[in-house]
Amino acid sequence: MSFRDLRNFTEMMRALGYPRLISMENFRTPNFNLVTEILIWLVKRYEPNIDIPTDVDTESDRIFFIKAVAQFMATKAHIKLNTKHLYLADGYAVKEMLKITSVLYNAMKTKQMATEDVPEEENNKFKFDLGSRVSDLKAARQLASEITTKGASLFELLGKEAELREMRTAAIARPLEINETEKALRAAIKDTLESVEKTKEMLNNVVSDESSLDAKIEKKKQDLERHQKRLQTLQSVRPTFMDEYDKIEEELQKQYEIFVEKFRNLSFLESQLDEYHRLEQERFEEAENTLRIMQHKLKEDEKDLMKSSLKDSDSDLDVPEDEGSDSDLEESRPSKPRPTRNSLMAGRGARFIGNMQGGDSDETDSEIDADEDDEEDEDGEEEESRDLEDDGLELPLSRSNRPSRGGVRPPLLEESDEDF
């Protein structure tokens with residue numbers, strides 16, 4: 001049963017004027033009383049004068065009712081119904097009743113269409129449409145050709161009627177011979193007896209086949225029982241290797257737990273090692289950055305020292321030489337110490353060696369001993385950077401405290417005035 005069939009059935013019954021409202025849920029379960037009412041109403045709608053027994057209290061009455069309805073619809077409407085489906089009184093019965101309702105519904109529709117087309121035919125009875133009659137013309141031509149052929153064959157047969165009448169009368173008037181009749185009957189009886197013997201032989205063969213099959217079935221049953229007993233004994237007896245199997249399985253479980261634990265530890269150690277390498281790489285990069293910054297600061301300090309030394313040399317060249325006064329003054333003046341890298345980095349534990357001479361950046365870079373030991377942490381590097389900054393600040397202070405050349409010149413001028 002489909003939802004579409006059930007919906008079509010309910011709509012057709014409503015259109016045909018069935019007095020009771022049919023729901024789609026009425027045929028979810030068998031409902032023989034409703035099926036009986038619908039069948040009686042449909043049969044009465046098809047043939048009002050029909051007399052059908054309506055007693056469906058017992059099983060035999062229901063069977064008789066279903067057979068009567070099916071026989072009536074087969075003889076009168078040429079509709080074949082499945083009695084088993086009708087007796088089920090569920091969705092399958094709806095399919096069978098739908099055959100009857102569709103015939104009645106189509107008849108009702110054609111009647112309505114005919115009544116609607118009557119006034120149109122009255123209005124258009126003088127009009128003739130040749131295009132709509134082409135198929136009718138073809139059918140009329142075919143029927144005309146068939147009529148001519150049938151008429152010709154009938155004329156030939158009627159022409160032979162005179163000869164056939166004489167032969168027929170002679171055959172009827174001829175007396176029957178008892179001997180020939182007996183022979184024909186004996187031959188028929190013999191043929192019948194032979195067919196009966198063949199049937200009996202087939203029945204005997206069927207009996208023998210049945211007995212052989214029964215013997216085979218009994219044998220198979222015995223084999224089945226024997227195998228079942230064997231299976232039960234095998235299931236009840238514990239194999240000898242099961243103890244060893246259980247021990248090996250327990251050992252395998254322990255080894256697996258050990259393996260899982262070691263694998264977990266190994267993965268954790270690998271992660272820790274990767275983290276340690278990452279931290280070492282970051283520390284190494286930071287050390288390189290600090291060394292690069294320190295190198296850059298040292299280069300800047302060297303450049304400043306070189307510039308200051310060049311300025312001092314230029315100022316010495318600009319002073320005029322007097323009559324031995326300057327030479328005596330320079331001899332009496334203490335010599336100015338040249339600042340070197342050793343003096344600058346004395347507080348650093350002599351980590352850098354070299355002099356403040358410009359132009360040899362490669363030599364100064366090669367002379368830097370960068371202590372890349374892993375035990376040196378970031379605090380030491382920050383202290384070194386602070387020491388460098390303090391040294392850079394002390395250089396200009398020492399340079400400011402150094403006696404300038406301009407402070408000595410006034411006495412020279414005074415001596416030259418006294419000479420005059």
Side-chain angles (χ1 to χ4, degrees), residues 1-125 127 129 131-140 142-143 146:
M1 179 191 70
S2 63
F3 180 77
R4 183 179 62 185
D5 295 338
L6 187 59
R7 184 190 60 189
N8 293 337
F9 178 73
T10 54
E11 293 295 332
M12 287 180 183
M13 291 297 291
R14 190 180 295 111
L16 290 172
Y18 185 67
R20 180 178 174 181
L21 182 63
I22 300 173
S23 175
M24 294 184 183
E25 300 294 331
N26 290 335
F27 297 98
R28 298 293 181 187
T29 57
N31 192 354
F32 194 83
N33 294 325
L34 180 60
V35 172
T36 304
E37 292 178 5
I38 293 171
L39 287 174
I40 292 171
W41 187 81
L42 291 173
V43 170
K44 293 289 184 181
R45 182 69 183 268
Y46 195 85
E47 184 65 33
N49 298 324
I50 191 68
D51 188 11
I52 294 178
T54 59
D55 190 9
V56 291
D57 294 334
T58 62
E59 182 179 357
S60 59
D61 293 336
R62 289 195 291 270
I63 293 171
F64 184 73
F65 171 74
I66 294 294
K67 286 184 177 180
V69 172
Q71 186 176 2
F72 171 77
M73 297 308 298
T75 55
K76 296 294 183 180
H78 301 287
I79 298 172
K80 186 177 180 181
L81 300 175
N82 193 340
T83 55
K84 292 181 180 179
H85 291 172
L86 286 174
Y87 191 79
L88 290 175
D90 55 359
Y92 294 101
V94 173
K95 287 185 178 181
E96 302 300 325
M97 291 187 292
L98 187 61
K99 298 177 183 178
I100 306 171
T101 54
S102 61
V103 172
L104 295 173
Y105 183 72
N106 292 330
M108 185 182 69
K109 286 179 66 177
T110 53
K111 184 178 179 181
Q112 290 178 358
M113 291 173 65
T115 54
E116 291 176 358
D117 292 338
V118 167
E120 293 181 0
E121 290 180 357
E122 291 179 355
N123 295 329
N124 300 327
K125 60 184 178 179
K127 295 180 181 180
D129 189 5
S132 62
R133 300 290 181 176
V134 174
S135 60
D136 295 338
L137 291 173
K138 290 181 180 180
Q142 187 176 1
L143 289 173
E146 289 180 359

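Computation of the quantities below employed the complete heavy-atom set of this structure, encompassing side-chain atoms and omitting hydrogens, waters and symmetry-equivalent molecules. Quantities reported herein were computed from a predicted structural model and do not represent experimental measurements.
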Exercise for review: Would you mind reporting whether L16 and W41 have side-chain heavy atoms less than 4.5 Å apart?
Suggested key: yes

Distance-only criterion, 3.5 Å: show the donor-acceptor pairs between side-chain atoms of residues 67-75 and protein atoms not counting sequence neighbours.
residue	atom	partner	partner atom	Å
T75	OG1	Q71	O	2.9
T75	OG1	F72	O	3.1

Review point. Yes or no on side-chain contact (heavy atoms from CB on, under 4.5 Å) for L143 and E146, after CA distance, side-chain angles and deciding distance?
Key: CA-CA 5 Å; L143 289 173; E146 289 180 359; 4.1 Å; yes

Check your understanding: Can you find a heavy atom in the side chain of L39 that is under 4.5 Å from one in the side chain of I52?
Key -> no

Review point. CG of D61 to CG of D55: how many Å apart, nearest 0.5 Å?
Key: 4.5 Å

Review point. OH/Y92 to NZ/K84 distance, rounded to the nearest 0.5 angstrom?
Key: 13.5 Å

**Study point:** Minimum side-chain heavy-atom gap L34-R20 below 4.5 Å
**Key:** yes

Review point. Does atom NZ of K44 have more than 12 heavy-atom neighbours from other groups under 6.0 Å away?
Key: yes

Exercise for review: Please list all pairs passing the ring pair (Phe, Tyr, Trp, His ring centres under 6.0 Å) test where one or both residues lie in residues 47-67, with sequence neighbours left out.
Suggested key: none

Check your understanding: Can you tell me how far the CG atom of N31 sits from the CG atom of L88, to the nearest 0.5 Å?
Key -> 13.0 Å

Exercise for review: Verify side-chain contact (heavy atoms from CB on, under 4.5 Å) between R62 and T36, making sure each step is shown before the conclusion.
Suggested key: CA-CA 9 Å; R62 289 195 291 270; T36 304; over 6 Å; no

Point to revise | Flag if over 12 foreign heavy atoms under 6.0 Å of OH, Y18 | key: yes

Study note, to complete from the structure: Here the gap from M108 atom CE to L104 atom CG, rounded to the nearest 0.5 Å, amounts to 9.0 Å

Study note, to complete from the structure: Separation between OG1 (T83) and CG (L86), nearest 0.5 Å, reads 7.0 Å

Revision key, fill the gap. Between M97 and L42 the two heavy atoms that sit nearest each other are O-CD1, 4.3 Å

Study note, to complete from the structure: Here the pair of heavy atoms bringing F27 nearest to A89 is CD2-O, 4.5 Å

Check your understanding: If every non-hydrogen atom of N26 is compared with every non-hydrogen atom of L21, which pair is closest and at what distance?
Key -> ND2-O, 4.4 Å

**Study point:** Listed once per pair and sorted, the ring pair (Phe, Tyr, Trp, His ring centres under 6.0 Å) pairs that draw on residues 42-63, sequence neighbours left out
**Key:** none

**Study point:** H85 versus E96, closest heavy-atom pair with distance
**Key:** ND1-OE2, 3.4 Å

**Study point:** CG-OG1 distance between N8 and T101, expressed to the nearest 0.5 angstrom
**Key:** 9.0 Å

Point to revise | Side chains of L98 and M12 in contact at under 4.5 Å (non-hydrogen atoms) | key: yes

